[in-house]
*Asks:* 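Sharing a structure here in structure tokens format.
Order of listing sets the numbers, starting from 1, for every ligand and every atom in it.
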Amino acid sequence: MSAIGQAGAATEKVAAETAIALLSCEKVYPNGIRALMPIDLSIREGEFVTLLGPSGCGKSTLLKMVAGLSEPSDGRLLLWNKPNHQLHKSNHSLSFVFQEASLLPWHSVRKNVSLPLELEGLAKTEIKPRVEQVLELVGLTRFANALPRELSGGMQMRVSIARSLVVKPDLLLMDEPFGALDEITRFKLDGDLLDLWQKNALSVLFVTHSIHEAVFLSERIIVMAARPGRIVADISIDEPYPRQAEFRMSTRFSEYAMQLHEHLVAAAGTEDEV
Ligand code: ADP
Ligand code: MG
């Protein structure tokens, strides 16, 4: 048990508006690999937070633990003040967006997006307007009848995002969602994602190893380091939204990027030898 686990209910109390709280959460995989040192991290409802760090620093592990796809080996993980495995009993929900769009190739865009609701057992009359609404949100109305292979990589990712939004999540977990896309498409989707975040009162926990993507998107960046996986800095990006393309060209942007780069370099210098 971690120190916090032993300390009892008083220390587990977190502010009502906290969406995610990791309390000394750590992960050692069954094969003995320590993916994460004990992590303490609290994310407010509505925040856009990015985990930034090199390959192998435990970003995906952390995200999977929040999603309930992987158990912490110690510590506590709360979503809206409740253990994360009780999320289904609350009126909150989350969605996961992976790097691969993972669409069913034999189904149309519309069918791919409606599937989560069909699996939930919703009535057709309820499904239809919700699907049309999210297709509109991600700009795919005209392509509703297309098959995934008829779409570009960027459009396939939009379908994947639509599919995650159709269940009306409060929390969006995104693991390098735009990592496989070309830079121009990525810039466009970054901008669109910020629009969606602002319009839908979402909390977003986003993973990337791109310093520039992290600065453009985030209110707050959690910098991580590898061997062992841990948090080395927690940086606020004090730049108003909506953020325009000019922000990417600004001195402020470069200064943030430099600051993050220095944290990453300093942390890499302290990695244990492997
Ligand atoms: P990132 O997403 O930052 O690249 P990961 O969370 O995927 O990092 O991995 C963190 C560490 O845990 C790495 O050393 C990786 O090899 C290891 N790891 C990830 N998944 C597993 C697993 N299922 N079993 C054993 N080790 C794993
Ligand atoms: Mg990963």
*Asks:* Could you check atom 26 (N) of ligand 1 against the protein and tell me its nearest heavy-atom contact, residue, atom and distance included?
*Replies:*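 The answer is Tyr29 CD1, 3.3 Å.
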*Asks:* Could you list which atoms of ligand 1 come closer than 4.0 Å to a heavy atom of Ser55?
*Replies:* 4 (O)
*Asks:* Polar-atom distance check: Ala35 versus ligand 1, any N or O pair below 3.5 Å?
*Replies:*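 In fact, backbone or side chain, Ala35 has no N or O that close.
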*Asks:* For atom CD of Glu120, is the number of surrounding heavy atoms from other residues, nucleotides or ligands below 6.0 Å larger than 12?
*Replies:*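 Yes, enclosed.
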*Asks:* When you measure from atom 7 (O) of ligand 1 to every protein heavy atom, which one gives the shortest distance, and what is it?
*Replies:*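 Here the nearest protein heavy atom works out to Ser60 CB, 3.8 Å.
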*Asks:* Let me know which of His212, Glu246, Arg243 forms a side chain to side chain contact (heavy atoms under 4.5 Å, CB included) with Phe253.
*Replies:*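 For Phe253, the side chain to side chain contact (heavy atoms under 4.5 Å, CB included) test succeeds with only one of His212, Glu246, Arg243, which is His212.
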*Asks:* Take atom NE2 of His261 as the centre, draw a 6.0 Å sphere, and report whether it contains more than 12 heavy atoms from other residues, nucleotides or ligands.
*Replies:*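 No, because the 6.0 Å sphere around NE2 of His261 holds 12 heavy atoms or fewer from other groups.
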*Asks:* Which atoms of ligand 1 have any heavy atom of Asn31 under 4.0 Å away?
*Replies:* 25 (C), 26 (N)
*Asks:* Which residue owns the protein heavy atom closest to atom 1 (P) of ligand 1, what's the atom, and how far is it?
*Replies:*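 Atom 1 (P) of ligand 1 sits closest to the protein heavy atom Gly56 N, 3.5 Å.
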*Asks:* Under 3.5 Å between some N or O of ligand 1 and some N or O of Cys57?
*Replies:* yes
*Asks:* Does a salt bridge link Lys124 with Glu118, judged by any charged N lying under 4.0 Å from a carboxylate O?
*Replies:* no
*Asks:* Give me the residue, atom name and distance of the protein heavy atom closest to atom 8 (O) of ligand 1.
*Replies:*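 Result: Gly58 N, 3.1 Å.
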*Asks:* For atom 14 (O) of ligand 1, what is the nearest protein heavy atom, given as residue, atom name and distance?
*Replies:* Ile33 CG2, 4.0 Å
*Asks:* Is the Mg ion (ligand 2) less than 2.8 Å from an N/O/S atom of Ser60, whether that atom is in the backbone or a side chain?
*Replies:* yes
*Asks:* Between His92 and Trp80, what is the ring plane arrangement, given parallel below 30°, perpendicular above 60°, and tilted in between?
*Replies:* parallel
*Asks:* With a 4.0 Å cut-off, strictly under, does atom 16 (O) of ligand 1 pick up any protein heavy atom?
*Replies:* no
*Asks:* Looking at Lys59 and Asp175, does any basic side-chain N land under 4.0 Å from a carboxylate oxygen?
*Replies:*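 A salt bridge is absent here (no side-chain N lies under 4.0 Å from a carboxylate O).
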*Asks:* For Glu71, is the CD atom crowded, meaning more than 12 foreign heavy atoms sit under 6.0 Å from it?
*Replies:*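 Check fails, neighbour count at 12 or below.
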*Asks:* List the closest protein heavy-atom neighbour of atom 6 (O) of ligand 1: residue, atom name, distance to the nearest 0.1 Å.
*Replies:* Thr61 OG1, 2.5 Å
*Asks:* So which atom in Val138 and which in Leu196 form the shortest heavy-atom distance, rounded to 0.1 Å?
*Replies:*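 Scanning both residues, the minimum pair turns out to be CG1-CD1, 4.3 Å.
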*Asks:* If you count the atoms of ligand 1 from 1 in the order shown, which ones are under 4.0 Å from a heavy atom of Pro54?
*Replies:*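 Those atoms are 3 (O).
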*Asks:* Could you go through Lys27 and Ser70, starting from their C-alpha distance and side-chain angles, then the distance that decides it, and tell me whether this counts as side chain to side chain donor-acceptor pair (under 3.5 Å)?
*Replies:* CA-CA 9 Å; Lys27 182 72 183 183; Ser70 173; 3.1 Å; yes
